[in-house]
Protein chains: 2
Amino acid sequence: MSISSRFSVGIHILALLEIDKTEVNTSENIAMSVNTNPAVIRKITGMLKKAGLVNVQPGIAGAKLAKDISEITLLDVYRAVNAVQEDELFTVHAKPNPDCPVGRNIQSSVEIQFTAAQRALENELENRTIRDVVDDILNKEPLES
Amino acid sequence: MSISSRFSVGIHILALLEIDKTEVNTSENIAMSVNTNPAVIRKITGMLKKAGLVNVQPGIAGAKLAKDISEITLLDVYRAVNAVQEDELFTVHAKPNPDCPVGRNIQSSVEIQFTAAQRALENELENRTIRDVVDDILNKEPLES
DNA sequence: TTACATGTAACCATTATAGTTACAGGTTAG
DNA sequence: CTAACCTGTAACTATAATGGTTACATGTAA
(Lines give C-alpha, C1' and ligand atoms only; values in the text may rest on other atoms or scores of the structure.)
Protein backbone atom coordinates (compact mmCIF):
# COMPACT_ATOMS: atom_id res chain seq x y z
CA MET A 1 0.00 0.00 0.00
CA SER A 2 1.12 3.57 -0.03
CA ILE A 3 2.20 6.00 2.59
CA SER A 4 -0.60 7.72 4.50
CA SER A 5 -1.84 11.07 3.32
CA ARG A 6 -1.32 12.26 6.88
CA PHE A 7 2.13 13.08 5.58
CA SER A 8 0.96 15.43 2.86
CA VAL A 9 -1.69 16.88 5.15
CA GLY A 10 0.96 17.52 7.79
CA ILE A 11 3.04 19.38 5.24
CA HIS A 12 -0.05 21.29 4.16
CA ILE A 13 -0.76 22.37 7.71
CA LEU A 14 2.76 23.59 8.36
CA ALA A 15 2.91 25.47 5.09
CA LEU A 16 -0.43 27.07 5.86
CA LEU A 17 0.68 28.14 9.32
CA GLU A 18 3.62 29.92 7.73
CA ILE A 19 1.75 31.58 4.90
CA ASP A 20 -1.18 32.59 7.08
CA LYS A 21 0.98 33.34 10.06
CA THR A 22 -0.79 36.61 10.83
CA GLU A 23 -4.13 34.87 11.18
CA VAL A 24 -5.56 32.59 13.82
CA ASN A 25 -5.55 29.10 12.37
CA THR A 26 -8.17 27.05 14.14
CA SER A 27 -8.68 23.42 13.27
CA GLU A 28 -11.78 24.54 11.44
CA ASN A 29 -9.91 27.04 9.29
CA ILE A 30 -7.23 24.54 8.47
CA ALA A 31 -9.84 21.91 7.71
CA MET A 32 -11.36 24.30 5.16
CA SER A 33 -8.06 24.58 3.34
CA VAL A 34 -7.28 20.87 3.46
CA ASN A 35 -10.91 20.06 2.79
CA THR A 36 -11.53 17.58 5.52
CA ASN A 37 -13.00 17.32 9.00
CA PRO A 38 -11.69 19.51 11.86
CA ALA A 39 -11.23 16.43 14.04
CA VAL A 40 -8.85 14.99 11.48
CA ILE A 41 -6.82 18.17 11.61
CA ARG A 42 -6.75 18.15 15.39
CA LYS A 43 -5.47 14.60 15.36
CA ILE A 44 -2.62 15.46 13.01
CA THR A 45 -1.91 18.76 14.73
CA GLY A 46 -1.62 16.80 17.94
CA MET A 47 1.02 14.59 16.39
CA LEU A 48 2.92 17.60 15.10
CA LYS A 49 2.77 19.05 18.58
CA LYS A 50 4.15 15.91 20.16
CA ALA A 51 7.07 16.17 17.79
CA GLY A 52 7.67 19.78 18.81
CA LEU A 53 6.82 21.24 15.43
CA VAL A 54 3.80 23.30 16.43
CA ASN A 55 2.29 24.84 19.50
CA VAL A 56 -1.37 24.25 20.28
CA GLN A 57 -3.25 24.46 23.52
CA PRO A 58 -6.63 23.19 24.65
CA GLY A 59 -9.08 26.03 24.80
CA ILE A 60 -6.88 28.45 22.91
CA ALA A 61 -7.77 28.99 19.30
CA GLY A 62 -5.09 28.47 16.69
CA ALA A 63 -1.96 26.48 16.07
CA LYS A 64 1.41 28.16 15.60
CA LEU A 65 4.73 27.02 14.27
CA ALA A 66 7.17 26.08 17.00
CA LYS A 67 10.21 26.44 14.75
CA ASP A 68 11.38 28.28 11.72
CA ILE A 69 10.20 26.35 8.68
CA SER A 70 13.73 26.10 7.37
CA GLU A 71 14.44 23.94 10.37
CA ILE A 72 11.58 21.53 9.84
CA THR A 73 12.64 18.77 7.50
CA LEU A 74 10.18 16.59 5.65
CA LEU A 75 11.64 13.69 7.59
CA ASP A 76 10.58 15.41 10.81
CA VAL A 77 7.03 15.55 9.52
CA TYR A 78 7.18 12.02 8.13
CA ARG A 79 8.14 10.72 11.54
CA ALA A 80 5.79 13.01 13.44
CA VAL A 81 2.68 11.78 11.68
CA ASN A 82 3.74 8.15 11.61
CA ALA A 83 3.62 8.16 7.84
CA VAL A 84 5.06 4.69 8.13
CA GLN A 85 4.44 2.83 11.35
CA GLU A 86 7.37 1.68 13.44
CA ASP A 87 9.64 3.09 10.78
CA GLU A 88 9.26 -0.20 8.94
CA LEU A 89 8.75 0.88 5.37
CA PHE A 90 9.13 -2.63 4.02
CA THR A 91 7.48 -5.77 5.30
CA VAL A 92 9.47 -8.98 5.42
CA HIS A 93 7.45 -12.20 5.44
CA ALA A 94 7.46 -13.42 8.97
CA LYS A 95 8.13 -17.13 9.21
CA PRO A 96 10.21 -18.60 6.40
CA ASN A 97 11.15 -22.24 6.89
CA PRO A 98 14.16 -22.65 9.20
CA ASP A 99 14.79 -26.10 7.76
CA CYS A 100 15.71 -24.58 4.40
CA PRO A 101 19.04 -22.85 3.76
CA VAL A 102 17.27 -20.03 1.97
CA GLY A 103 14.42 -19.88 4.45
CA ARG A 104 16.64 -19.48 7.47
CA ASN A 105 18.79 -16.74 5.94
CA ILE A 106 16.50 -14.76 3.69
CA GLN A 107 15.19 -12.38 6.32
CA SER A 108 18.51 -10.92 7.36
CA SER A 109 19.78 -10.83 3.79
CA VAL A 110 16.72 -8.99 2.59
CA GLU A 111 16.80 -6.70 5.57
CA ILE A 112 20.20 -5.40 4.51
CA GLN A 113 18.80 -4.30 1.18
CA PHE A 114 15.61 -2.88 2.61
CA THR A 115 17.45 -0.88 5.20
CA ALA A 116 19.64 0.68 2.56
CA ALA A 117 16.66 1.63 0.43
CA GLN A 118 14.78 3.04 3.37
CA ARG A 119 17.77 5.08 4.35
CA ALA A 120 18.03 6.50 0.84
CA LEU A 121 14.43 7.65 1.08
CA GLU A 122 14.88 9.16 4.50
CA ASN A 123 18.07 10.95 3.53
CA GLU A 124 16.23 12.61 0.72
CA LEU A 125 13.43 13.68 3.03
CA GLU A 126 15.93 14.97 5.54
CA ASN A 127 17.49 17.28 2.96
CA ARG A 128 14.21 18.99 2.23
CA THR A 129 12.30 21.36 4.46
CA ILE A 130 8.92 23.00 4.73
CA ARG A 131 10.71 26.10 3.52
CA ASP A 132 11.24 24.42 0.14
CA VAL A 133 7.53 23.71 -0.11
CA VAL A 134 6.51 27.22 0.96
CA ASP A 135 8.96 28.81 -1.44
CA ASP A 136 7.58 26.75 -4.26
CA ILE A 137 4.02 27.80 -3.45
CA LEU A 138 4.92 31.48 -3.15
CA ASN A 139 6.89 31.24 -6.33
CA LYS A 140 3.83 30.06 -8.20
CA GLU A 141 1.58 32.58 -6.56
CA PRO A 142 3.17 35.53 -4.77
CA LEU A 143 1.09 36.85 -1.90
CA GLU A 144 -0.55 40.21 -2.24
CA SER A 145 0.09 42.32 0.80
CA MET B 1 1.11 1.43 5.93
CA SER B 2 4.09 -0.50 4.72
CA ILE B 3 5.09 -2.10 1.49
CA SER B 4 3.61 -5.51 0.78
CA SER B 5 5.57 -8.60 1.76
CA ARG B 6 5.02 -9.77 -1.81
CA PHE B 7 8.25 -7.93 -2.39
CA SER B 8 10.30 -9.95 0.08
CA VAL B 9 8.55 -13.14 -0.99
CA GLY B 10 9.38 -12.36 -4.62
CA ILE B 11 13.03 -11.96 -3.70
CA HIS B 12 12.86 -15.17 -1.70
CA ILE B 13 11.48 -17.08 -4.67
CA LEU B 14 14.12 -15.82 -7.06
CA ALA B 15 16.95 -16.55 -4.63
CA LEU B 16 15.56 -20.01 -4.07
CA LEU B 17 15.35 -20.71 -7.80
CA GLU B 18 19.02 -19.87 -8.08
CA ILE B 19 20.25 -21.79 -5.08
CA ASP B 20 18.09 -24.81 -5.83
CA LYS B 21 18.53 -24.52 -9.55
CA THR B 22 19.20 -28.22 -10.01
CA GLU B 23 15.87 -29.15 -8.50
CA VAL B 24 12.31 -28.86 -9.71
CA ASN B 25 10.74 -26.00 -7.80
CA THR B 26 7.01 -26.48 -7.77
CA SER B 27 4.75 -23.96 -6.09
CA GLU B 28 4.42 -26.47 -3.28
CA ASN B 29 8.16 -26.73 -2.73
CA ILE B 30 8.57 -23.00 -2.78
CA ALA B 31 5.62 -22.59 -0.44
CA MET B 32 7.39 -24.89 2.02
CA SER B 33 10.43 -22.65 2.06
CA VAL B 34 8.48 -19.41 2.28
CA ASN B 35 6.03 -21.03 4.66
CA THR B 36 2.80 -20.07 3.03
CA ASN B 37 0.15 -21.45 0.73
CA PRO B 38 1.04 -22.75 -2.76
CA ALA B 39 -1.65 -20.58 -4.30
CA VAL B 40 0.04 -17.50 -2.88
CA ILE B 41 3.27 -18.59 -4.51
CA ARG B 42 1.57 -19.20 -7.82
CA LYS B 43 0.08 -15.73 -7.72
CA ILE B 44 3.45 -14.10 -7.14
CA THR B 45 5.23 -16.38 -9.57
CA GLY B 46 2.68 -15.34 -12.14
CA MET B 47 3.58 -11.71 -11.58
CA LEU B 48 7.28 -12.47 -11.88
CA LYS B 49 6.53 -14.28 -15.11
CA LYS B 50 4.62 -11.34 -16.54
CA ALA B 51 7.68 -9.23 -15.85
CA GLY B 52 9.89 -11.69 -17.68
CA LEU B 53 11.85 -12.72 -14.62
CA VAL B 54 10.88 -16.38 -14.50
CA ASN B 55 9.52 -19.05 -16.78
CA VAL B 56 6.54 -21.11 -15.68
CA GLN B 57 4.02 -23.05 -17.70
CA PRO B 58 0.63 -24.47 -16.91
CA GLY B 59 0.86 -28.19 -16.43
CA ILE B 60 4.66 -28.24 -16.26
CA ALA B 61 6.13 -28.57 -12.81
CA GLY B 62 8.63 -26.01 -11.66
CA ALA B 63 9.56 -22.38 -12.16
CA LYS B 64 12.91 -21.37 -13.60
CA LEU B 65 14.82 -18.14 -13.74
CA ALA B 66 14.47 -16.36 -17.06
CA LYS B 67 17.60 -14.26 -16.54
CA ASP B 68 20.90 -14.35 -14.79
CA ILE B 69 20.32 -13.14 -11.25
CA SER B 70 22.94 -10.44 -11.65
CA GLU B 71 20.59 -8.91 -14.20
CA ILE B 72 17.53 -8.87 -11.97
CA THR B 73 17.47 -5.72 -9.91
CA LEU B 74 15.42 -5.35 -6.79
CA LEU B 75 13.55 -2.61 -8.61
CA ASP B 76 12.54 -5.15 -11.23
CA VAL B 77 11.03 -7.32 -8.52
CA TYR B 78 9.49 -4.34 -6.73
CA ARG B 79 7.69 -3.38 -9.91
CA ALA B 80 6.85 -6.93 -10.90
CA VAL B 81 4.96 -7.71 -7.72
CA ASN B 82 3.29 -4.32 -7.46
CA ALA B 83 4.97 -3.72 -4.12
CA VAL B 84 3.46 -0.27 -4.41
CA GLN B 85 0.42 0.12 -6.57
CA GLU B 86 0.51 2.48 -9.50
CA ASP B 87 4.04 3.38 -8.50
CA GLU B 88 2.54 5.92 -6.14
CA LEU B 89 4.58 5.43 -3.00
CA PHE B 90 3.15 8.54 -1.36
CA THR B 91 -0.46 9.57 -1.14
CA VAL B 92 -1.37 13.20 -1.59
CA HIS B 93 -4.68 14.28 -0.09
CA ALA B 94 -7.07 14.53 -2.96
CA LYS B 95 -9.18 17.67 -2.79
CA PRO B 96 -7.58 20.62 -1.06
CA ASN B 97 -9.57 23.84 -1.25
CA PRO B 98 -9.04 25.65 -4.58
CA ASP B 99 -10.23 28.89 -2.98
CA CYS B 100 -7.16 28.97 -0.77
CA PRO B 101 -3.69 29.94 -2.04
CA VAL B 102 -2.15 27.04 -0.18
CA GLY B 103 -4.92 24.64 -1.06
CA ARG B 104 -4.70 25.22 -4.76
CA ASN B 105 -0.92 24.86 -4.91
CA ILE B 106 -0.01 22.33 -2.27
CA GLN B 107 -0.48 19.24 -4.38
CA SER B 108 2.02 20.09 -7.08
CA SER B 109 4.49 21.50 -4.57
CA VAL B 110 4.36 18.39 -2.45
CA GLU B 111 4.52 16.20 -5.50
CA ILE B 112 7.92 17.61 -6.36
CA GLN B 113 9.31 16.52 -3.03
CA PHE B 114 7.61 13.13 -3.06
CA THR B 115 8.84 12.37 -6.53
CA ALA B 116 12.42 13.10 -5.51
CA ALA B 117 12.16 10.88 -2.45
CA GLN B 118 10.55 8.08 -4.40
CA ARG B 119 13.26 8.31 -7.02
CA ALA B 120 15.95 8.04 -4.34
CA LEU B 121 14.36 4.85 -3.10
CA GLU B 122 14.04 3.40 -6.56
CA ASN B 123 17.60 4.29 -7.50
CA GLU B 124 18.83 2.38 -4.51
CA LEU B 125 16.73 -0.63 -5.46
CA GLU B 126 17.95 -0.44 -9.01
CA ASN B 127 21.56 -0.68 -7.90
CA ARG B 128 20.99 -3.94 -6.08
CA THR B 129 20.33 -7.32 -7.60
CA ILE B 130 19.20 -10.77 -6.59
CA ARG B 131 22.85 -11.69 -6.92
CA ASP B 132 23.62 -9.49 -3.92
CA VAL B 133 21.02 -11.32 -1.88
CA VAL B 134 22.15 -14.77 -2.99
CA ASP B 135 25.79 -13.94 -2.33
CA ASP B 136 24.90 -12.79 1.14
CA ILE B 137 23.03 -16.01 1.87
CA LEU B 138 25.83 -18.20 0.53
CA ASN B 139 28.31 -16.17 2.44
CA LYS B 140 26.56 -16.95 5.68
CA GLU B 141 26.03 -20.57 4.81
CA PRO B 142 28.11 -22.04 1.98
CA LEU B 143 26.38 -24.86 0.14
CA GLU B 144 27.69 -28.37 0.61
CA SER B 145 28.11 -30.04 -2.74
C1' DT C 1 -21.58 31.84 32.80
C1' DT C 2 -21.53 31.82 28.02
C1' DA C 3 -19.23 30.97 23.82
C1' DC C 4 -15.89 28.70 21.60
C1' DA C 5 -11.57 25.93 21.07
C1' DT C 6 -8.85 21.73 21.57
C1' DG C 7 -8.26 16.71 22.79
C1' DT C 8 -10.16 12.22 22.30
C1' DA C 9 -12.96 8.29 22.28
C1' DA C 10 -16.09 5.54 19.73
C1' DC C 11 -17.73 4.14 15.59
C1' DC C 12 -18.09 3.38 10.38
C1' DA C 13 -17.19 2.44 5.41
C1' DT C 14 -13.66 1.41 2.42
C1' DT C 15 -9.70 -0.92 0.92
C1' DA C 16 -5.45 -3.84 0.66
C1' DT C 17 -3.32 -7.84 2.53
C1' DA C 18 -2.50 -12.60 3.08
C1' DG C 19 -4.40 -16.81 3.31
C1' DT C 20 -7.62 -20.65 1.97
C1' DT C 21 -10.39 -23.69 -0.85
C1' DA C 22 -11.83 -25.25 -5.09
C1' DC C 23 -11.58 -26.14 -9.67
C1' DA C 24 -10.63 -25.52 -14.79
C1' DG C 25 -7.22 -26.54 -17.97
C1' DG C 26 -2.49 -28.04 -19.53
C1' DT C 27 1.10 -31.87 -19.55
C1' DT C 28 3.11 -36.21 -19.31
C1' DA C 29 3.81 -41.10 -17.92
C1' DG C 30 2.05 -45.45 -18.13
C1' DC D 1 -6.65 -42.57 -23.28
C1' DT D 2 -6.64 -41.94 -18.67
C1' DA D 3 -4.65 -41.12 -14.33
C1' DA D 4 -1.73 -38.24 -11.74
C1' DC D 5 0.08 -33.98 -11.16
C1' DC D 6 0.92 -29.24 -12.02
C1' DT D 7 -0.24 -24.21 -12.92
C1' DG D 8 -3.68 -20.42 -13.26
C1' DT D 9 -7.39 -18.25 -11.23
C1' DA D 10 -11.73 -17.17 -9.11
C1' DA D 11 -14.21 -16.66 -4.92
C1' DC D 12 -14.21 -16.06 -0.25
C1' DT D 13 -12.38 -15.00 4.49
C1' DA D 14 -10.19 -12.57 8.51
C1' DT D 15 -7.38 -8.89 9.74
C1' DA D 16 -5.78 -4.34 9.83
C1' DA D 17 -5.06 0.54 8.49
C1' DT D 18 -7.15 4.63 6.57
C1' DG D 19 -9.91 8.62 6.57
C1' DG D 20 -13.96 10.40 8.04
C1' DT D 21 -17.78 11.47 11.39
C1' DT D 22 -20.14 12.47 15.65
C1' DA D 23 -20.10 13.45 20.33
C1' DC D 24 -18.40 15.10 24.36
C1' DA D 25 -15.11 16.24 28.19
C1' DT D 26 -11.98 19.77 29.22
C1' DG D 27 -9.69 24.26 28.94
C1' DT D 28 -9.81 29.49 28.07
C1' DA D 29 -11.38 34.01 28.13
C1' DA D 30 -14.67 37.74 27.31
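Here is how names work: the chains are called A, B, and so on, in the same order as the sequence lines, proteins then strands, and each is numbered from 1. Side chains are part of it too, since the values below use all heavy atoms of this structure and drop only hydrogens, waters and symmetry mates. All values reported here derive from a predicted model rather than from experimental measurement.
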Heavy-atom nearest pair, His12(B) first then Gly103(A), reads CE1-CA, 4.0 Å
What heavy-atom pair brings Asn127(A) and Asp132(A) nearest, and what distance separates the two atoms?
O-OD2, 4.2 Å
Glu88(B) CD to dA16(C) P: how many Å, rounded?
13 Å
Rounded to whole Å, how long is the line connecting atom CG of Asn37(A) with atom P of dA10(C)?
18 Å
Over all strands shown, is Thr45(B) touching base, sugar-phosphate only, or nothing at heavy-atom distances under 4.0 angstrom?
nothing
Taking CD1 from Ile13(B) and P from dA18(C), how many angstroms apart are they, rounded to a whole number?
13 Å
Do His93(A) and Val110(A) touch side chain to side chain, with heavy atoms closer than 4.5 Å?
no
What integer distance in Å separates Asn82(A):CG from dG19(D):P?
12 Å
Flag side-chain contact, heavy atom, 4.5 Å: Leu89(B) against Leu121(A)
yes
For Ile3(A) and dT18(D), give me the distance from atom CD1 to atom P, rounded to whole Å.
11 Å
For Thr36(B), which contact category applies under a 4.0 Å heavy-atom criterion: base, sugar-phosphate, or nothing?
sugar-phosphate
For the backbone of Leu125(A) and the side chain of Gln113(B), can you confirm whether one donor and one acceptor N or O come within less than 3.5 Å of each other?
no
Sugar-phosphate only, base, or nothing, as touched by Lys49(A) at under 4.0 Å among non-hydrogen atoms:
sugar-phosphate
Return the value, rounded to whole Å, for the distance between atom CD1 of Ile44(A) and atom C1' of dT8(C).
15 Å
Could you identify which residues of residues 22-32 of chain A place a heavy atom less than 4.0 Å from some atom of DNA chain C, listed by residue number, or say none?
Thr26(A), Ser27(A)
Which residue, Leu48(B), Val9(B), Leu53(B), forms the side-chain contact (heavy atoms from CB on, under 4.5 Å) with Val81(B)?
Leu48(B)
What I want to find out is whether Arg79(B) reaches Glu122(B) closely enough, with some N-O distance under 4.0 Å, to be called a salt bridge.
yes
Does a side-chain heavy-atom distance below 4.5 Å link Thr129(B) with Ile69(B)?
no
Side chain proximity check, Tyr78(A) to Ile3(A), heavy atoms < 4.5 angstrom
yes
How close or far is atom C1' of dT18(D) from atom NZ of Lys43(A), stated in whole angstroms?
9 Å
Result of checking Ile13(B), Ile44(B), Asn25(B), Thr45(B) against Val54(B) for side-chain contact (heavy atoms from CB on, under 4.5 Å):
Thr45(B)
Under 4.0 Å, counting only non-hydrogen atoms across every strand here, what does Ser5(B) touch: a base, just sugar-phosphate, or nothing?
sugar-phosphate
Ile137(B) side chain reached by Glu141(B) side chain, heavy atoms, under 4.5 Å
no
What string of B, S and - do you get for nucleotides 22-30 of chain C, 5' to 3', when a contact is any protein heavy atom under 4.0 Å?
B---BS---
Rounded to whole Å, please give me the gap between CZ in Arg6(A) and C1' in dG19(D).
9 Å
Output, in order, the C-alpha distance, side-chain angles, deciding distance and verdict of side chain to side chain contact (heavy atoms under 4.5 Å, CB included) for Ile11(B) and Leu74(B).
CA-CA 8 Å; Ile11(B) 295 170; Leu74(B) 296 190; 4.0 Å; yes
Give me the residues of residues 93-109 of chain A where at least one heavy atom lies under 4.0 Å from an atom of DNA chain C, by number, or none.
none
